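Data first, discussion second: the structure below is written as structure tokens.
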Amino acid sequence: MTDQTPVLRLEDIVKTFPGVRALDGVSFSVLPGEVHALMGENGAGKSTLMKVLGGILQPNEGRIFIEEEPTVMTTPVQAKAKGVVFIHQELSLADELTVAENIWLGELPLKSFGRVNWAKLYEDTNAILKTLNVGFDAKTRVGDLSIANQQMVEIARALTVDPKAVIFDEPTASLTDAEKVVLFDVISDLQSKGVGIIYISHRMEEIFKITDRISVLRDGQYRGTLNTRETDEEEVTKLMIGRSLDLSRNESHHEMGDVALEVRGLSCGKLYQDVSFNVRKGEVLGFYGLVGAGRTEIAETLFGLRDPSAGQILLNGQEVRIKSPIDAIANGISLVPEDRKGQGLVLGMNCRDNMTLPQVDDLTAGPFVSDGAEIAIFDQYRDKLDIRTPGWRQTVGNLSGGNQQKIVIGKWLSMRPEVLIVDEPTRGIDVGSKSEIHNLIRDLAAQGYAVIVISSEMPEVLHVSDRIVAMYSGKVMREFTSDEVTEDSLIQAISGITADKVA
Amino acid sequence: MAELTKQGIGRVLAKQGILIAFVVFMIGFALANPRFIAVDNISGVIRSSAILGVMALGVTFVVIGGNLDLSVGSMMSFSTIVVLDLHDKIGPTLAIPAMFGLTLGLGAFIGFLVGYLKLNSLIVTLGMLSAIHGLTLTWSGGQNMDIADKSGTWFSVFGQGNIAGVPVPILIFAGLAIVLSLILSKTPFGRKVYAVGGNGKAATFSGIPRARIVFLTYLISSFCVACAGLLQASRSLGSQNTVGQGLELEVLAAVILGGASLLGGSGTIFKTVIGVLILGFIQNGLLLMGLAFYVQYVVTWVIIILAVWLDIAAKRGRLLSQIA
Ligand SMILES: Nc1ncnc2c1ncn2[C@@H]1O[C@H](COP(=O)(O)OP(=O)(O)OP(=O)(O)O)[C@@H](O)[C@H]1O
Ligand SMILES: [Mg+2]
């Protein structure tokens, strides 16, 4: 492999932001036809490095070579023209436009007089969508798609040119298993064409499944490159976080109290029907299912964001009507929403203010917000969740994706709710912090909180839950206790196979 | 590292460009006409900026909350006419609260339409601009409004009085600026205004009553308009129906000059005050240079464009768009 010319080579890249040295002399190279993983903790500098490669950010120092040609790229368009395609961690699509327009934005096929050649546009788009095996077509409005499908559109954008190198920044964070399979097919297809691929992810299974080499960043510094075949999770983790991790399943069982939340026959139009379950104080209830199974919608109903069409919600045995998030919060329900940028954060606001937003009314001294009380909360959860930021004044939009997620979690944990609902809590979070968050969820339960965890990651659900509700297409298929659940039975339940629904 | 400082300078320029331009203007004007920096001229500029300034304070809340208010000019005409008319009919002591009540009513109505009915604020306030103008004309019958006994009323104190040598309009402007600045930057309500304007959905997910917050920003805006109407009426003790015409754009210019984003979620009262002063001093400087009054209209427009441009430039970190 060593005598191949790398498609992409970086030399001593330095990038600083005010107060942050995000990249500190990083060098590595990508060979044609290889899948090169880039790993590191939240805030290690992965996305920044890729933005430098994609022409979005200019490095302060260092050089970039494309096929050994020194190159300077100052815009994403230029980078794409040079064959470097970047698929972002954070979606950057125009909601109001169609799938086709989004994919070809800036390079729409034209007819005479600058008119758009719609027929060709839709045809080309549908051809790409077909290879991706998705269930929507070129004319769909992007705003109507689920986050997962929007991610697929983002991926489709990379397929409009013949790239030399493609960068995937956490592409699977919001994909289902089936969509992942499609993505991996696309990747191996690109690979066989000799394209070099940089793949960023926090999911070890994926890394070991599809990559050839793994480069690790830590605090903006290059820590080394490992051959995937010759290493294991432990070695990579150690390189990433400087220690090894105890990944054993949490077996701590504690006393459970009374039923905190009970839901009876809850329905919401076509979204979900006749859902019943309960959570006890001190219990973690997992909701597992495919995207679109109705889990998020149930959470939103409990949080007062949707009106149920039938059914009852009982808190501590009393029926409650929750008409708005204000009611939900007053009743001690917290929701960590699935879309941190859209629903969780005010990106232009600083870290502290974001975290204390739901309780700012209670943090007053006289008529004014008490600085001290706010900073105390922020400091406490920054330490608890290991949030990497130069200080509370930093604008949340400048944090790395994973650290943003931690701010949202801190925001709702600090409310000390009776019922905590977390929807995809560890999306985009590194292995170290992930296990911390899992421990935190277990701890909270041990302290008597009732916790509902919605997740599309099976290991996560298995790891944190005392009981698991499996959903398929708006219906509860089955409930498992942590003793009886197996991966197979869980997969069957969420695919709608009812054969063993007895028991 | 050299690269870094160059970028840093670029960022500072883009961000503080308007302040730097302001300083250059000031120096230029002062050289052209030394009277420009005389104490009485400066105090005069601040006093005549007070009416615009008071209105800009209120609009700052609306803009940070993610909306626009183009009705403030015509609403100010309304307040002025109403308080002058009622002055002679029911006396100043009752006229002032009555005028405040009516103006707040208008603000509440706009707040209801934009906040609770979620109508587009541009359309609503543009419509209200003309509707309120009609209301004012109906009230006055199209006539100018004058106080009968101009020398015998204490009502003139707001616009013409001095306390300890400082003109009352300046005191009112400063007092309101301080109070509103505390409300915006230090209270939970202020925080919520930023959240609603910055990301309305995330605000809802945080249990913030979005509609009520938007409603309140318009109520504050109309309160400021009522204060401005009071200053205006008290200063001239007589008025045309169109006294506030066109002020909505100057107000908006001042707010954006101060650095509030039209997209909502950013801006401060302090910056708005700076924006108001910049606008006032530039217009005054042009007058002193002997330019005709109506040149101001063009200049105001140029300043608005400049402000919006710098606003966008600061966001993208460079003056020209990279994608032509
Ligand atoms: N525009 C910016 N302004 C200031 N700091 C920034 C900016 N962009 C990134 N940073 C900082 O640079 C560091 C690296 O961020 P980056 O997004 O590259 O991390 P990452 O490795 O992609 O993390 P994650 O796994 O959470 O996505 C972080 O400390 C982040 O706060
Ligand atoms: Mg990242």
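From a predicted model like this one, the values you see are computed outputs, not experimental measurements. Every heavy atom of this structure was used, including side-chain atoms; hydrogens, water molecules and symmetry mates were not.
Closest non-hydrogen pair, Pro325(A) versus Gly207(B), comes out as CB-CA, 3.9 Å. Nearest heavy-atom pair across Lys411(A) and Ala202(B) is NZ-O, 4.4 Å. Across Phe205(B) and Trp412(A), no two heavy atoms sit closer than the pair O-CZ2, 3.1 Å. Pro367(A) and Thr187(B) make their closest contact through O-CG2, 3.6 Å (heavy atoms, listed as atom of the first residue, atom of the second, distance).
Two residues are said to be in side-chain contact when any heavy atoms from C-beta on lie closer than 4.5 Å; Val369(A) and Lys186(B) fail this criterion.
With a 4.5 angstrom heavy-atom cutoff, Gln78(A) does not touch chain B via any of its atoms. Of the two parts of Ser324(A), neither the backbone nor the side chain holds a non-hydrogen atom closer than 4.5 Å to a non-hydrogen atom of chain B. Heavy atoms closer than 4.5 Å to chain B are found in the side chain of Glu300(A), but not in its backbone. Contacts of Ser334(A) with chain B are absent, with no heavy-atom separation under 4.5 Å from either backbone or side chain.
Legend: residues meeting side chain to side chain contact (heavy atoms under 4.5 Å, CB included) with Arg427(A), ordered by chain and number and at least two apart, are Ile147(A), Ala173(A), Ser174(A), Glu338(A), Glu424(A).
In Phe109(B), the CZ atom is not crowded: 12 or fewer heavy atoms of neighbouring residues, nucleotides or ligands sit closer than 6.0 Å. Within 6.0 Å of NZ in Lys82(A) there are more than 12 heavy atoms belonging to other residues, nucleotides or ligands. Enclosure of atom CZ in Arg306(A) by more than 12 non-hydrogen atoms of other residues, nucleotides or ligands within 6.0 angstrom is indicated.
With respect to chain A, the highest number of heavy-atom pairs below 4.5 Å among Ala195(B), Ser185(B), Gly265(B) belongs to Ala195(B). Between chain B and the residues Asp327(A), Asp353(A), Asp339(A), the most heavy-atom pairs under 4.5 angstrom are made by Asp353(A). Between chain B and the options Ile329(A), Asp371(A), Asp362(A), Leu357(A), the largest number of non-hydrogen pairs under 4.5 Å is found for Leu357(A).
Heavy-atom neighbours of chain B within the stretch residues 340-348 of chain A, taken at a separation under 4.5 angstrom, comprise Lys341(A), Gly342(A), Gln343(A), Gly344(A), Leu345(A), Val346(A).
Residue Ser266(B) holds its OG atom at 11.0 Å from CE of Met349(A), rounded to the nearest 0.5 Å. The line from CG of Leu305(A) to OG1 of Thr204(B) is 7.5 Å long, rounded to the nearest 0.5 Å. Interatomic distance, CG of Asn354(A) versus CZ of Arg191(B), reported as 9.5 Å (0.5 Å rounding). Note: Ser206(B) OG to Gln359(A) CD = 11.0 Å, rounded to the nearest 0.5 Å.
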